[in-house]
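Please read the structure below before turning to the comments.
Just so it is clear, the model here is predicted, and its values are computed rather than measured. Chain A is the first sequence line, chain B the second, and so forth, proteins listed ahead of strands; every chain is numbered from 1.
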Amino acid sequence: MTPFTNDELKWLGAGAILFAVAALLPLVDQGFYLSLSVNIMLYAALCTAWALFSGPTHYVSLATAAFYGLGTYTVGLGIDAMPYPLLLAIAALIGAALAGLVGAATLRISGVYFVIFTFGLAELVRQLVTWTQTKFATAIGLYVFTDLFEQHIYWMLVALTAAVFLTAFLINRSRLGFAMQIIGNDETVARHVGIDTARSKIVLFMISGAFIAVAGAIMAPRYSYIEPPSAFNPMISFLVVIMALLGGTKRLWGPLVGVIPFTILMDQVSARFPNHTMIVIGLAFLAIVYLIPNGVTGLLEQARARWKARAARMGQEKAA
Amino acid sequence: MTAALSVRAATKSFGGLVAVNEVSFDVRQGELLGLIGPNGSGKTTMLNLISGALKPTRGEIALSGERISDLPAHRIAQKGVARTFQLVRVLPSLDAEGNVMAGAVFGHMRSWGAEAHKLARALLGRVGLAGKGHMPVDAMTYIDQKRVELARALAGNPRVLLLDEWLAGLNPTELKLGIALIDDLRREGRTIIMVEHVMDAIRSLCDRCVVMNSGRKIADGDVETVLGDPEVVAAYLGDADA
Amino acid sequence: MNILITGILLSGTYALIALGLTLQYGVARIMNLGNGETLVAACFVAFWLYTGFAINPLVGLLLIAPGAFLINLVIYLVALQPLVKRAKNRGQLEVDSILATFGLLFLLQGLMIVAFGGEYRSYTFLAERFDILGNSYGLNRIVAFVAAAAIAGALWFFLYRTRQGTAMRAVAVDPNSANLVAIDVARTAAIAFALGGALTACGGALISTFYTFNASMGVIFTMKALIIVIMGGVGDIRGAILAALILGISETLVASLIDPGLTLAATYALFILVLLFRPQGIFGRAPT
């Protein structure tokens, strides 16, 4: 591995401090703000993990709910038999395995097939899980009783989000990250310089899927009662797409910029106008396409470039 | 001695259209082979078959005796076939150095980190772009983009280099520089296949020429002989004169 | 036999929906993920016309199809054509159109939930029995199938026997070349999109005669239509109809022999087979 540059060390340090501060929150509040922060932290992990794959490839993955639900179910099924940390690891493996299968079936061909395939994936897995349960078990729901409280879930989510960030950071400076950058530019060139494009994409999708499944597993104790329609809620997939794109996927911290305001907005909307959530989601998609195609971070970067250009002009004028 | 690259009865058809028809030829180690012919004669398709962008319908292509024609493009690149594209393809979000590194990291000879950066800088100097390593490539002139592409192809130290009309679209001054650069590569002992329309370049650079017309090979030999061949003249001027 | 006929009857309406989508994607190059919402809207309009004004759904088609044509034309011109114009390449248009039609999907679904509520609805139309080969089937299903077949026939006639239809097929094959032979590609794409919407709406109106529907079921129909389109090969009429038949029959098979909760799994199993063995579609030629 190449040694870290000073700049990279600064980013790592700043990130560590931010996560440490975020972890202090339950000491201040255990009520509304903690519960809201659990949601924010959850979507921060989900969106960053999503952008890990969908950012460089531009493939809109709607598989989030499938990975998430599998993670939740892993805990639901295994909690009486196995220790919780082991279940988190199993969830990661299951998420990676499903991502590998989906990727192997679709990513060798073209992006459209991938989108269509993931579009119904959560529903497919839900049907299969429901069917298996009705066939081989007595009840459709599962109870999850643990001694984990809201703050424990929050801390695990903070740790997970930090892990996602660190992984993404390390990938970005690795060969795989460089390969993805080239693929995002021009896939034909990528193949002709010797990159196994399909394999790179599949590996990245597996990493992303594993993280999302772990997020589902972490959230399982919070639901205490798990049933297929809530675990495989397709809305999770769509919200993740909106938040990540709203923030922008070009920068590692981009999705975060979308997650915080949109989680708060959705929290308010679903509390006050539950019938209008769909309309808000629809408008958010349209806003992304027509108003901010590169996300808020894209807007910021444009503004910075313009500001730099102006500063350069001013400097020239002064020199002249 | 086995040829650096040998093409045996390679055929590619698109539906009913046969773009490359039973073409065979060899390229020796250190040779610069010109692949010429009128527009639409199948030259670029032939290069695409060698680089793996397309799979031959029939026939075989081998690199130093090892069959590569059923490998995917990235495996062929790793075996040591590098190419440039007819319409220059640079990676716009990377700077010049990043573009060249793309060829160094995954190709035939691999390097990473500081070593890859050093190699990329050296190659940029080699193609005449010293000091422009951090320039965004979409701000570069056409010839400079072509130079970046050439440096990228060289970065993996390929066993065979494919140049698809690398000299096309250059003005007379640039053309001179371009020819000198390729000549340099030839002296270095590289094995090169060059699809080209610029006759001056073919005459001054190529050791040998393969001429294609309507997908078939119609001539193969040293440059002057081939260009004097009546069938070749007819192909270029049109059948009416034959 | 019973299963086979039920499956075939079901596939008639699937075919219409998929034909609508294949026109929109194949000719207008817009993967319309909000296609299912057009279908649901048509269900509601047919319901409203029948229960409110006692208008026979088959007659209602004469109102619904032109209405859907106009609305989809407006959607295309206002929302989607700007995306076509700004896209630098096919990939970008694909991503943009996917996100924009997601927006439309949720917007329309949200509006319908606000307007009609979330509960299931149905109405009774021609709920008599009709015997085929000793088994009886709902007359409404048979009428819907016949109507779907007639509409598909009319579409075939339009595409293969008229100038405008030929232009559409040309654009589907290659927009650039179509442009060279003086076909107005932008106009053809707009009409194809609108026509696709009208076909889907017809499918919706027909399905409402024998199916309980609600405001949020559009997505599942879009999903099935997409898979039919991929199976049949994008822009391929014969392929879409054959794929709809295969899907309708295999779904009915799975529903009646294994479990009605697994219909989507059946669809996906087909999808995976297609991806593994014929990614270019049933009649498609290998891409070169």
- Is it true that the side chains of B:His74 and A:Thr197 contain a donor and an acceptor less than 3.5 Å apart? no

- Examine whether an atom of A:Ala190 lies under 4.5 Å from a heavy atom of chain B, and if so say whether it belongs to the side chain, the backbone or both; otherwise answer neither. neither

Between [atom1] of [X] and [atom2] of [Y], what distance do you get to the nearest 0.5 Å?
X: B:Leu94; Y: A:Asp186; atom1: CG; atom2: CG; answer: 11.0 Å
X: B:Leu91; Y: A:Ile183; atom1: CG; atom2: CD1; answer: 11.0 Å
X: A:His192; Y: B:Asn48; atom1: NE2; atom2: CG; answer: 6.5 Å

- Closest-packed option against chain A by number of heavy-atom pairs under 4.5 Å, given B:Gly113, B:Ala82, B:Gly52, B:Ala73: B:Ala73

- Between B:Gly107, B:Pro92, B:Gly103, B:Pro72, which shows the greatest number of heavy-atom pairs under 4.5 Å with chain A? B:Pro92

- Identify which one of B:Arg89, B:Arg83, B:Glu149 satisfies the side-chain contact (heavy atoms from CB on, under 4.5 Å) criterion when paired with A:Val189. B:Arg89

Within the supplied structure, the quantity of interest is the number of heavy atoms (other residues, nucleotides, ligands) at a distance under 6.0 Å from [X] [atom1]; does it exceed 12?
X: A:Arg175; atom1: CZ; value: yes
X: A:Lys250; atom1: NZ; value: no
X: B:Asp138; atom1: CG; value: yes
X: A:Arg199; atom1: CZ; value: no

- Item | Atom group of B:Ala53 that falls short of 4.5 Å from chain A, counting heavy atoms | both

- B:Arg75 portion near chain A, given a 4.5 angstrom heavy-atom threshold: neither

- Message: Would you call the rings of A:Phe178 and B:Phe106 parallel, tilted or perpendicular, taking 30° and 60° as the class edges?
- Response: parallel

- Considering non-hydrogen atoms only, spot the tightest contact between B:Ala77 and A:Val193 and give its length. CB-C, 4.0 Å

